[in-house]
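Worksheet: the structure to be examined is printed underneath.
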Amino acid sequence: MFFFLLFIVIPLITNIQISFHNWNLLGQKVYVGLQNYIRIWTDDRFWLAVKNTVIFAIISIPLTMAVAMIIALILNQKVYGKLWLLVAFVSPTFFGSVGILTTWKWIYASYPTGLANYALLKLGFLKEAISWFETPTRAWACIIITTVWWIVGFSVLLYLGALQRIPPEQYEAAKVDGAGPWKTFWNITLPWMRNVLFFDVVRQVLLAFGLFDQVYFFTGGGPAGSTRTMVYYLYLVGFTRQELGQAAAISWYIFAIVLIFALLQLILLTRTVRSAEE
């Protein structure tokens, strides 16, 4: 309870107080009421960051889940060297962001000896080295590929555990009834994994809306703000521009948006479980 009060309750109360003031950390706090919230509400740059974050979540979450499901289904079979494959897929999840993103930044380097450019030039797919973060589409592709590679391992563990809990008799009965691989997957595998899938969706929504490190390392929000996310915009306002009151207000907007998504998922999960029980 002491640590909960110290690290959760007191910072929340302090943050609420800061959001009603203009403050640059060194100067005096000036009470402005709801002015910070109104300013952020009418700030096009903030809503562009919200749009970018939502688009990232819409693309990256299904892609991560699909890749994780394919890998889990493969590892659930009798595959030679399965343990080493599992370690290879899962281990990046537990690495720190600095090592991971520094390595990927070298891979995406714009000079000819950058790993991606070097490989594609040697294979004949490129005639000259390109800048991977020059256009919004290319920059987002790099961010999404890196993110999926980085976080997919934990989903693989979840899905593999769920697959191994499915009774083999279910698949045997489906085989006797003449069900093909797709019908077996749709009618047996997915229903048994429903709760795990919903948990993973909630987890990945929180990760997606907290996207910061990849943008900070790769693009700095560019080009022209096209990869600026909500958390990165909060960082710019709070730490670069030293407008802590506005940054606090942004944090509460982010909290509200994530809460809405979490409640929608909770309602959907509750209805799904109830329908399954009926």
Side-chain angles (χ1 to χ4, degrees), residues 1-58 60-61 93-94 96-98 100-101 143 147 150-151 154 198-217 219-221 225 227-270:
M1 180 60 69
F2 170 76
F3 288 107
F4 176 75
L5 291 173
L6 182 62
F7 294 110
I8 302 296
V9 176
I10 293 176
L12 284 176
I13 295 173
T14 304
N15 193 45
I16 293 175
Q17 293 176 343
I18 293 173
S19 69
F20 295 117
H21 294 79
N22 275 344
W23 186 38
N24 63 359
L25 191 61
L26 298 179
Q28 294 293 325
K29 293 181 182 178
V30 179
Y31 180 78
V32 294
L34 295 174
Q35 183 177 341
N36 287 326
Y37 290 93
I38 296 172
R39 188 177 300 174
I40 297 302
W41 183 264
T42 58
D43 187 352
D44 293 336
R45 290 171 297 182
F46 171 70
W47 292 110
L48 175 61
V50 174
K51 175 185 174 183
N52 292 337
T53 307
V54 171
I55 292 175
F56 169 78
I58 291 174
S60 66
I61 293 174
T93 305
F94 304 99
S97 61
V98 174
I100 291 288
L101 298 178
I143 291 173
T147 303
W150 190 7
I151 69 173
F154 191 81
F198 273 106
F199 168 77
D200 196 37
V201 169
V202 174
R203 183 186 71 89
Q204 291 196 45
V205 165
L206 296 177
L207 290 175
F209 280 93
L211 178 67
F212 173 80
D213 293 7
Q214 296 90 311
V215 175
Y216 180 83
F217 264 81
T219 66
T227 60
R228 186 185 298 138
T229 60
M230 293 190 298
V231 177
Y232 187 77
Y233 187 61
L234 185 152
Y235 162 79
L236 291 177
V237 173
F239 291 91
T240 303
R241 288 158 43 183
Q242 290 289 306
E243 297 175 354
L244 299 185
Q246 289 189 43
I250 292 173
S251 71
W252 285 105
Y253 275 117
I254 295 174
F255 172 77
I257 292 171
V258 174
L259 180 62
I260 291 171
F261 274 87
L263 289 175
L264 290 175
Q265 291 166 4
L266 181 61
I267 293 170
L268 182 60
L269 174 60
T270 304

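Numbering starts at 1 and runs along the sequence shown.
Side-chain contact check for Thr229 versus Phe56: every heavy-atom pair is 4.5 Å or farther apart. Looking at heavy atoms from C-beta onward, Asn22 lies in side-chain contact with Asn36 at the 4.5 angstrom threshold. Between Trp41 and Phe46 there is no side-chain heavy-atom pair separated by less than 4.5 Å. Between Ile250 and Met230 the shortest side-chain heavy-atom distance does not fall below 4.5 Å. Within the 4.5 Å cutoff, side-chain heavy atoms of Trp252 are placed close to those of Ile16. Put simply, the side chain of Trp150 reaches to within 4.5 Å of the side chain of Ser97, judged on heavy atoms. Proximity of Leu236 to Arg45: side-chain heavy atoms (C-beta onward) are nowhere separated by under 4.5 Å.
Paired with Gln246 under the rule side chain to side chain contact (heavy atoms under 4.5 Å, CB included), one option of Ile18, Leu234, Val237 passes, and it is Val237. Of the residues listed (Ile8, Val9, Ile10, Thr14), the one engaging Leu12 in a side chain to side chain contact (heavy atoms under 4.5 Å, CB included) is Ile8, and it is the only one.
No donor-acceptor distance shorter than 3.5 angstrom exists from the side chain of Asn24 to the backbone of Gln242, with no hydrogens or angles considered. When atom types are taken as modelled, the side chain of Ser19 and the backbone of Gly245 share no donor-acceptor pair closer than 3.5 angstrom.
The two residues Ser251 and Asn15 have their closest heavy-atom pair at OG-ND2, 2.9 Å. In terms of heavy atoms, Asn52 sits closest to Arg228 at ND2-O, 3.0 Å.
Between atom CZ of residue Phe239 and atom CG of residue Leu244 there is a gap of 7.5 Å, rounded to the nearest 0.5 Å. Here the CD1 atom belonging to Ile40 is positioned 10.0 Å from the CH2 atom belonging to Trp47, to the nearest 0.5 angstrom. The CD1 atom of Ile151 lies 6.5 Å from the OG atom of Ser60; values are rounded to the nearest 0.5 Å.
For Phe20 and Tyr37, the distance between ring centers is under 6.0 angstrom.
Other residues, nucleotides and ligands contribute more than 12 heavy atoms inside 6.0 Å of the OH atom of Tyr253.
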